[in-house]
Amino acid sequence: MDRVLNLILCIGLSVAFVSCANARIVPTNSSPLGHDDATPTGSNFTHVCDPSRFDQLGLDMSIFGYCDSSLPYNVRVKDLVDRMTLAEKVRQLGDLAYGVPRIGLPKYEWWSEALHGVSNVGPGTFFDDLVPGATSFPPVILTAASFNESLWKKIGQAVSTEARAMYNLGRAGLTYWSPNVNVVRDPRWGRTTETPGEDPFVVGKYAANYVRGLQDVEGHENYTDLNSRPLKISSCCKHYAAYDVDNWMGVDRFHFNARAAEQDMVETFLRPFEMCVKEGDVSSVMCSYNRVNGIPTCADARLLNQTVRGEWDLHGYIVSDCDSIEVMVDNHKFLGDTKEDAVARTLKAGLDLDCGVYYTNFTANAVVQGKVRETDIDKSLKNLYVVLMRLGFFDGNPQYKSLGKDDVCTDQNIELATEAAREGIVLLKNDNDTLPLNSANFKTLAVVGPHANATTVMLGNYAGVPCQITSPIDAFSKHGEVNYKMGCGEVACRNESLIFPAMEAAKHSDATIIVAGLDSSVEAEGLDRDNLTLPGYQTQLINQVAKVAKGPVILVIMSAGGVDISFAKSNTNIKAILWAGYPGEEGGRAIADVVYGHHNPGGRLPLTWHEANYVDMLPMTSLRLRPVDELGYPGRTYKFFNGSTVYPFGYGLSYTQFNYKLASSKRSIHVKLNKYHHCRELNYTCGAYRPPCPAIHIEDLECKDHFDVEIEVQNVGKRDGSEVVIIYSKPPEGIAATYIKQVIGFKRVFVAAGTSEKVNFSFNACQSLKVVDYAANSLLPAGGHTIIVGDSGVSFPIQVKFDH
Ligand SMILES: *[C@@H]1O[C@H](CO)[C@@H](O)[C@H](O)[C@H]1NC(C)=O
Ligand SMILES: *[C@@H]1O[C@H](CO)[C@@H](O)[C@H](O)[C@H]1NC(C)=O
Ligand SMILES: *[C@@H]1O[C@H](CO)[C@@H](O)[C@H](O)[C@H]1NC(C)=O
Ligand SMILES: *[C@@H]1O[C@H](CO)[C@@H](O)[C@H](O)[C@H]1NC(C)=O
Ligand SMILES: *[C@@H]1O[C@H](CO)[C@@H](O)[C@H](O)[C@H]1NC(C)=O
Ligand SMILES: *[C@@H]1O[C@H](CO)[C@@H](O)[C@H](O)[C@H]1NC(C)=O
Ligand SMILES: *[C@@H]1O[C@H](CO)[C@@H](O)[C@H](O)[C@H]1NC(C)=O
Ligand SMILES: *[C@@H]1O[C@H](CO)[C@@H](O)[C@H](O)[C@H]1NC(C)=O
Ligand SMILES: *[C@@H]1O[C@H](CO)[C@@H](O)[C@H](O)[C@H]1NC(C)=O
Ligand SMILES: *[C@@H]1O[C@H](CO)[C@@H](O)[C@H](O)[C@H]1NC(C)=O
Ligand SMILES: *[C@@H]1O[C@H](CO)[C@@H](O)[C@H](O)[C@H]1NC(C)=O
């Protein structure tokens with residue numbers, strides 16, 4: 001995504017980006033109807049099938065089967081679609097669906113965004129005097145760091161309530177193209193801020209929870225007919241698939257061909273989408289700009305129709321990233337397609353909706369030219385209208401009817417946004433228990449650095465207008481007398497001219513807080529990083545301030561991707577380091593709450609913080625997760641990289657100490673094989689023990705075996721705190737080219753000082769112990785697997801045996 005963003009980049013940074021020169025991408029505001037008219041509903045109607053609305057149109061509603069709520073949705077949408085001419089049908093296939101006044105169908109703008117709060121990035125949603133803003137939760141990478149599934153879901157629920165309220169007021173749509181569930185394969189990726197990090201399982205769990213929070217109507221979560229399950233709002237998992245290069249060394253997403261091994265597709269790139277569809281029951285999936293193994297994703301029938309719709313059984317619609325079909329023709333020049341060839345190809349592949357104008361402009365000709373059947377269009381339209389019916393667009397939704405202005409930016413939601421930031425913030429260093437600070441001892445505070453007065457930068461991208469903003473200096477001034485010096489002119493910190501005043505402030509204050517890091521001039525949509533260091537003179541600023549500071553020095557990093565701050569980690573003048581992601585509208589308050597111990601930090605890094613030289617070892621364009629020894633490429637993510645790091649995946653300290661006690665567990669799994677079970681080969685390293693029956697394909701197993709892990713988490717320190725328990729599995733020794741370990745479960749638990757809490761997990765052996773082999777088979781290997789509990793060194797073996 002998306003057109004709007006491209007436009008902003010082009011205006012703001014046109015000198016820096018070559019790709020902008022050919023950004024022919026249409027600004028959204030040029031849509032023929034403009035914002036007000038393009039919104040799905042106005043004050044003039046609340047739902048389509050309202051007899052008085054039909055009266056006004058001079059129509060008798062009773063003759064329209066699609067408005068007969070006693071009929072099943074499939075019958076109603078067939079009636080609706082069958083009433084349209086071909087010319088009318090194609091005008092409903094773009095994000096701006098023009099409607100058909102003749103039959104009472106109004107226009108609808110499909111494109112809205114709600115990545116971390118209701119956003120005005122899509123044309124379906126806007127703010128004005130009536131609704132001036134919505135709660136802006138922290139960008140996803142920080143919320144992910146909380147490792148708290150119920151928080152993820154609760155944020156989804158708060159966002160969808162605000163969205164539904166804004167819809168009632170004619171300010172928002174019902175269909176939201178969020179979340180972004182691409183795995184962060186490479187630390188340079190510019191869109192890391194939008195994602196839940198580098199682990200496919202964690203990303204998938206985030207997706208399922210956030211989607212359920214956005215979509216589920218209370219009391220209707222477990223509908224028997226999932227094709228008619230009511231929706232609060234519709235959510236969309238994007239960008240499918242293997243999308244994670246934006247613009248790196250001149251390689252951009254509009255031209256990139258992701259060469260992904262099937263093994264990596266199954267194990268890493270598709271996994272979050274599969275979980276989003278199967279566990280989240282999402283109602284939309286968006287295909288991406290890039291090609292995968294030569295084929296643009298929106299034209300790939302295997303990825304769309306066969307996998308998403310067929311194997312995963314999507315109940316919903318498939319949408320393109322904005323202008324993807326145009327990108328396919330003009331940039332990928334795929335198969336030399338004409339515009340008509342391209343729209344025919346994507347329709348047949350299973351792409352239902354075009355964010356753009358290609359379907360609207362060229363599909364009728366494609367039918368006339370014999371390239372695609374009218375029934376292919378009908379199928380797509382039906383997928384689309386069923387979703388609108390489930391949302392109550394046609395019949396209304398009494399459950400949400402009363403929501404309005406007062407349900408947006410509530411104190412409760414603003415508090416939830418603050419809580420999300422507090423829960424996500426990661427304590428990376430705390431020498432001699434310097435934190436938390438006791439405000440009685442630190443009356444004057446130097447608050448310095450390019451983010452000391454961060455405001456909109458804390459909102460990240462895909463933000464709306466926030467309810468309010470609390471910057472770090474605002475928040476710290478509630479605790480002491482703040483001496484604010486920026487230390488740099490901007491995040492790029494191009495010279496040293498402002499460092500001296502920051503040093504002076506530190507020299508004369510009881511404590512020093514340095515707030516540094518990155519922003520969208522360094523990591524953004526359309527902009528990948530090429531190094532992992534702090535920009536410009538920020539490192540000098542930090543070291544020089546730390547050297548002269550009178551009191552303790554606390555470094556706070558705002559960034560999405562990891563930064564090589566080894567210099568600060570080893571600098572004994574810097575007592576504590578916090579990572580605060582981009583912390584959302586109440587970010588300053590959340591940081592101060594952590595610094596003063598009103599909240600004991602429990603967040604964990606959702607991705608590896610690599611040393612700077614990591615990125616010199618492999619190009620961003622190589623998708624292989626496993627090390628490529630011939631080329632000297634190290635592996636990617638904690639699952640495959642075994643070298644040293646600045647901070648590993650899952651890292652995070654607390655103001656208290658926790659011990660784990662393993663309370664119980666099953667230590668072996670015996671699978672009785674019959675004559676139809678065939679043993680599968682696995683590749684073992686030289687000299688390793690090879691069991692007589694190395695593995696069984698999990699499709700051949702019933703997969704009913706579970707093992708339970710019960711952990712007692714003891715808080716042996718002096719403060720209450722929350723601990724994130726992460727459970728990993730490690731395959732038997734000797735299996736070649738597999739992962740080092742992988743997350744199979746996690747839970748965040750609150751434990752009062754001096755007490756303990758039990759945390760229980762139940763794992764399906766097939767799902768939690770499987771490996772994906774080079775041929776993309778999912779296998780359960782025989783032998784001694786290891787279950788590892790956090791970084792605590794607690795682990796236990798679990799034996800898998802196959803007996804004939
Ligand atoms: C997880 O989030 C929920 C919902 O916000 C919250 O009530 C709970 O306290 C959080 N759990 C922990 C252990 O922090
Ligand atoms: C729906 O099913 C899930 C899983 O089976 C269960 O945890 C949940 O309580 C059910 N919800 C309702 C409202 O019945
Ligand atoms: C789409 O998938 C369905 C079933 O999964 C199959 O019957 C149909 O032929 C597929 N269509 C195309 C165009 O591949
Ligand atoms: C699509 O059609 C509209 C209306 O005819 C026209 O203004 C626009 O330029 C067309 N766009 C493309 C990309 O063909
Ligand atoms: C902690 O404090 C002690 C005593 O003040 C000091 O000797 C030690 O170097 C400090 N350690 C660190 C890591 O700052
Ligand atoms: C902090 O930033 C805001 C928004 O950019 C600005 O209005 C305000 O003047 C700044 N505060 C200081 C002390 O510079
Ligand atoms: C140093 O940076 C500041 C802030 O960006 C800028 O105003 C100033 O012109 C720069 N000085 C030099 C000598 O480039
Ligand atoms: C690192 O990248 C940033 C922005 O992408 C750039 O400003 C800076 O000069 C680079 N630093 C080095 C040491 O190359
Ligand atoms: C790390 O991986 C490399 C490349 O596969 C391998 O040569 C090395 O032995 C591994 N090191 C450890 C400590 O496992
Ligand atoms: C199996 O492992 C050997 C050596 O470890 C390697 O040379 C070979 O390519 C591997 N085969 C496959 C199919 O991965
Ligand atoms: C965990 O499992 C044990 C034993 O099965 C049970 O006694 C305990 O109540 C469970 N605890 C929780 C929090 O579910």
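Counting starts at 1 for both ligands and their atoms, in listed order. Nothing here was measured: the structure is a model prediction, and the numbers come from that model.
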Discussion item. With a heavy-atom distance limit of 4.0 Å, tell me whether N148 approaches ligand 1 through its side chain, its backbone, both, or neither.
Written reply: side chain
Fill in: Part of E423 with heavy atoms under 4.0 Å of ligand 1, whether side chain, backbone, both or neither
side chain
Atoms in ligand 1 flagged as close to [X], the criterion being non-hydrogen separation under 4.0 Å:
| X | result |
| --- | --- |
| V749 | 13 (C) |
| S150 | 1 (C), 2 (O), 3 (C) |
| K154 | 4 (C), 5 (O) |

Fill in: Test applied, side-chain hydrogen bond (donor to acceptor under 3.5 Å, both in side chains); reference residue, T135; option that passes from Q468, E586, E162, Q412
E162
Worksheet entry | Identified side-chain contact (heavy atoms from CB on, under 4.5 Å) counterpart of C237 within the set V211, N180, V203 | V211
Under 4.0 Å from [atom], is there at least one protein heavy atom?
| atom | result |
| --- | --- |
| atom 2 (O) of ligand 11 | yes |
| atom 11 (N) of ligand 6 | yes |
| atom 7 (O) of ligand 6 | no |

Item to complete: Quick one: look up the protein heavy atom nearest atom 9 (O) of ligand 6 and list residue, atom name and how far away it is.
Response: N453 ND2, 4.8 Å
Worksheet item: For atom 5 (O) of ligand 6, which protein heavy atom lies nearest, and how many Å away is it?
Response: T455 OG1, 4.1 Å
Discussion item. Looking at A463, is its backbone amide N or carbonyl O close enough to the side chain of S119 to form a donor-acceptor pair, meaning the two atoms are under 3.5 Å apart?
Written reply: yes
Worksheet item: If you measure from each non-hydrogen atom of I473 to ligand 6, which part falls under 4.0 Å: side chain, backbone, both or neither?
Response: side chain
Discussion item. Could you check, using the six-membered ring where one of them is a Trp, whether Y638 and W609 have ring centers closer than 6.0 angstrom?
Written reply: no
Worksheet item: What about F658 and Y660, are their ring centers closer than 6.0 Å?
Response: no
Fill in: Heteroatom proximity flag, N760 to ligand 11, N/O under 3.5 Å
yes
Worksheet item: Are R748 and ligand 1 in contact, using a heavy-atom cut-off of under 4.0 Å?
Response: yes
Discussion item. Need the ligand 6 atom indices (1-based, order shown) with element for anything under 4.0 Å from a heavy-atom of Y484.
Written reply: 12 (C), 13 (C), 14 (O)
Worksheet item: Nearest heavy atom to atom 4 (C) of ligand 11: which of K758, E710, E712 does it belong to?
Response: E710
Worksheet item: Looking at CG of N413 and OG1 of T161, how far apart are the two atoms once the value is rounded to the nearest 0.5 Å?
Response: 7.5 Å
Discussion item. Quick check for you: to the nearest 0.5 Å, what is the distance between Y210 atom OH and H116 atom NE2?
Written reply: 8.5 Å
Practice prompt. For atom CD of E415, decide whether the heavy atoms of other residues, nucleotides or ligands shown that lie under 6.0 angstrom number more than 12.
Written response: yes
Side-chain donor-acceptor pairs of residues 507-515 under 3.5 Å, sequence neighbours excluded:
| unit_1 | atom_1 | unit_2 | atom_2 | d |
| --- | --- | --- | --- | --- |
| K507 | NZ | E504 | OE2 | 3.2 |
| H508 | ND1 | E504 | O | 2.9 |
| S509 | OG | A446 | N | 3.4 |
| S509 | OG | A505 | O | 2.7 |
| D510 | OD1 | T444 | OG1 | 3.4 |
| D510 | OD1 | K550 | NZ | 3.3 |
| D510 | OD2 | K443 | N | 2.9 |
| D510 | OD2 | T444 | N | 3.1 |
| D510 | OD2 | T444 | OG1 | 3.4 |

Worksheet item: Do the side-chain N and O atoms of R589 and T470 include a donor-acceptor pair separated by under 3.5 angstrom?
Response: no
